[in-house]
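To start, the structure itself, in structure tokens.
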2 protein chains.
Amino acid sequence: MSLKYALLGFLNHSSMTGYDLKQHFDRSVRHFWSANLSQMYPTLSQMEKDGLLTMEVENQEKHPPRKVYRITGAGRRELKQWLAEPIGLPSLRIPFLVKVFFGGCLEKEEIIALLKDHLSRHRALMDRYLQIRKEIMEHPESKGMEKEFFFGNLTLGVGIKIEQAWIDWLEESVANIEEMNESGVRGGVLTDQRG
Amino acid sequence: MSLKYALLGFLNHSSMTGYDLKQHFDRSVRHFWSANLSQMYPTLSQMEKDGLLTMEVENQEKHPPRKVYRITGAGRRELKQWLAEPIGLPSLRIPFLVKVFFGGCLEKEEIIALLKDHLSRHRALMDRYLQIRKEIMEHPESKGMEKEFFFGNLTLGVGIKIEQAWIDWLEESVANIEEMNESGVRGGVLTDQRG
DNA sequence: TTTCTGTATATAAGTTCTTATATATGCAAT
DNA sequence: ATTGCATATATAAGAACTTATATACAGAAA
């Protein structure tokens, strides 16, 4: 459960509510970790029971009370320990590739439409990443935030590299399949690859 | 639930048992979809109830009976329909990037160790992919399997591209951080990037 | 001779994550 | 006026997935 450690990571920087944490997630780690509030609230309250966090209620006049979570010494130790531990590669689940794998069941036009649709999604995501990078770069007011800035930018970097890999592959695949003649796969990429 | 459709995809090619399906998964789609037998068995039996599959028991002398699943017309229709539908990007969960994001909490040596460990994992995976590609290419006995071969090879291609992206990024990041001077991030990549 | 791997089934318990629902208010836009 | 968005909490139900456990035999390796 890395959600726990992601929460500890943000709370190590500053104390906040579940709602605040959700904002931070969506603004900075969304490209490699997402979480719903409905998952975060019970996780936070469990972490409090486990002594990793303390909670303080701040009453507000016009809004529901804020439950502000603060990391404890035990929380910091557990975060630090987890961060330093090596971790294996996550097992991926990419439904789109299931579709491509069984693409033989589809007409040529259908598989091309599928690839082009996915290409536009990856291009849109790439645009968002590049926009975020641009905003980060033009942000000189990050005094005392050098480390946060540096590592955030680093993780954005791998996102951009992976999106570029997807875009390249999708463009090549569309071109490959479009060039295939109508007699099926025989006249296309397959025979080319075998020499 | 794409597991259902992956099962339909394999069963569309030939009838088999849960155990056989597990072998097929591990040999061909593992890099973008994995499943445990304990998840597959109940899923298959549910699919049978839903009329997507039929099941026939084959008794064996020395082993437990084989439950052979066969796709139905309804199953084929549902597979075909799902395959042609566009699908969004999956939300990723990469615990390693959570660690990198909060890398500011670690010593320089610790973060470098983390990156190098991950680099070796990605290199090992890349080696496996290249080995599989080599085996596919040297396999001329795939008569009548051109389409299966073609699309299987295609999905392997994106796996290779993404592994290369990871390897490049990890190598660059290790070099970047190693070159940083001991006064922190100020003398390193951060200032370089700002000009 | 024992241990490990492979064939073949399956359930139970637990974790993680998603989707739907509920409450209550302020503020801005249409 | 009303819709939608933002603030702030939270529960319930269910889907999806992991890990542990169970049975039973064959064949190969140590």
Side-chain angles (χ1 to χ4, degrees), chain A residues 1-8 10 15-27 29-30 32-50 53 55-69 82 87-95 98, chain B residues 1-8 10 15-27 29-30 32-50 53 55-69 82 87-95 98:
Chain A
M1 221 240 269
S2 304
L3 171 60
K4 180 170 131 181
Y5 299 102
L7 292 168
L8 284 174
F10 282 114
S15 301
M16 54 189 136
T17 68
Y19 192 87
D20 297 334
L21 281 160
K22 172 68 173 157
Q23 313 299 314
H24 274 77
F25 268 67
D26 288 350
R27 278 185 213 130
V29 297
R30 204 186 192 175
F32 56 85
W33 203 274
S34 60
N36 296 317
L37 273 171
S38 59
Q39 195 190 355
M40 286 169 64
Y41 284 126
T43 303
L44 286 167
S45 100
Q46 183 58 50
M47 288 164 73
E48 195 206 345
K49 278 178 203 151
D50 296 342
L53 306 177
M55 189 265 281
E56 221 171 308
V57 178
E58 285 180 11
N59 287 304
Q60 297 180 114
E61 278 173 28
K62 307 270 180 173
H63 284 291
R66 288 163 51 86
K67 292 190 178 175
V68 179
Y69 288 95
W82 180 80
I87 192 164
L89 305 183
S91 64
L92 301 178
R93 287 206 169 75
I94 306 176
V98 175
Chain B
M1 221 241 268
S2 305
L3 171 60
K4 181 169 129 180
Y5 299 102
L7 292 169
L8 284 174
F10 282 114
S15 301
M16 52 188 138
T17 67
Y19 192 87
D20 296 334
L21 282 160
K22 171 67 173 159
Q23 313 298 314
H24 274 77
F25 267 69
D26 288 350
R27 278 184 214 131
V29 297
R30 202 185 195 175
F32 56 85
W33 203 275
S34 59
N36 295 319
L37 273 171
S38 60
Q39 195 190 355
M40 286 169 63
Y41 283 127
T43 302
L44 287 167
S45 99
Q46 183 58 51
M47 287 164 74
E48 195 206 344
K49 277 177 204 153
D50 295 342
L53 306 177
M55 190 266 280
E56 220 172 309
V57 177
E58 285 180 9
N59 287 303
Q60 299 181 112
E61 278 173 27
K62 306 272 181 172
H63 285 291
R66 288 164 50 87
K67 293 190 177 175
V68 179
Y69 288 95
W82 180 80
I87 191 165
L89 306 183
S91 63
L92 301 178
R93 287 204 169 76
I94 307 176
V98 175

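Throughout, protein chains are lettered first and strands after them, A, B, ... in sequence-line order, and every chain is numbered starting at 1.
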Quick tally for nucleotides 13-19 of chain D: nucleotides whose base has a protein heavy atom under 4.0 Å get B, sugar-phosphate-only ones S, the rest -, giving ---SSBB
Residue set satisfying side-chain hydrogen bond (donor to acceptor under 3.5 Å, both in side chains) with Asn36(A), at least two apart, ordered chain then number -> none
Would you kindly give the CE-to-C1' distance between Met55(A) and dT9(D), to the nearest whole Å?
-> 11 Å
Take atom CG of Leu37(B) and atom P of dA8(C), then tell me their distance rounded to the nearest Å.
-> 12 Å
Would you kindly give the OH-to-P distance between Tyr19(B) and dG6(C), to the nearest whole Å?
-> 8 Å
For the atom pair CG (Leu53(B)) and OG (Ser45(B)), what is the distance rounded to the nearest 0.5 Å?
-> 10.0 Å
Figure out the CE/C1' separation between Met40(A) and dT16(C), and round it to whole Å.
-> 15 Å
May I ask you to verify if any side-chain N or O of Tyr41(B) is less than 4.0 angstrom from the OP1 or OP2 atom of dT9(C)?
-> yes
Report the residues that fulfil salt bridge (charged side-chain N to carboxylate O under 4.0 Å, His left out) with Asp26(A), sequence neighbours left out, ordered by chain and then residue number.
-> Lys22(A)
Return the value, rounded to whole Å, for the distance between atom CG of Asp26(B) and atom P of dG6(C).
-> 12 Å
Who passes side-chain contact (heavy atoms from CB on, under 4.5 Å) against Met55(A), sequence neighbours left out?
-> Glu48(A), Val57(A), Lys67(A), Tyr69(A)
Please tabulate the protein-to-nucleotide N/O contacts below 3.5 Å involving nucleotides 21-25 of chain D, giving atom names and distances.
none

Gap between atoms CG and C1', on Leu7(A) and dC17(C) respectively (whole Å) = 14 Å
Can you tell me how far CE of Met40(B) sits from CG of Leu21(B), rounded to the nearest 0.5 angstrom?
-> 4.5 Å
Could you pull out all residues at least two apart from Thr17(B) that satisfy side-chain contact (heavy atoms from CB on, under 4.5 Å)?
-> Tyr19(B), Asp20(B), Arg66(B), Val68(B)
Length of the line joining Met16(B):CE and dT9(C):P, which is rounded to integer Å | 12 Å
Kindly indicate, with the supporting measurements, whether the criterion side chain to side chain donor-acceptor pair (under 3.5 Å) is fulfilled by Ser34(B) and Arg93(A).
-> CA-CA 7 Å; Ser34(B) 59; Arg93(A) 287 206 169 75; 3.3 Å; yes
Specify whether Tyr5(B) and Trp82(B) have parallel, tilted or perpendicular ring planes, treating 30° as the upper limit for parallel and 60° as the lower limit for perpendicular.
-> parallel
Spacing of Leu3(A) atom CG and Leu44(A) atom CG [to the nearest 0.5 Å] = 8.0 Å
Between dT7(D) (P) and His24(A) (NE2): distance, integer Å | 13 Å
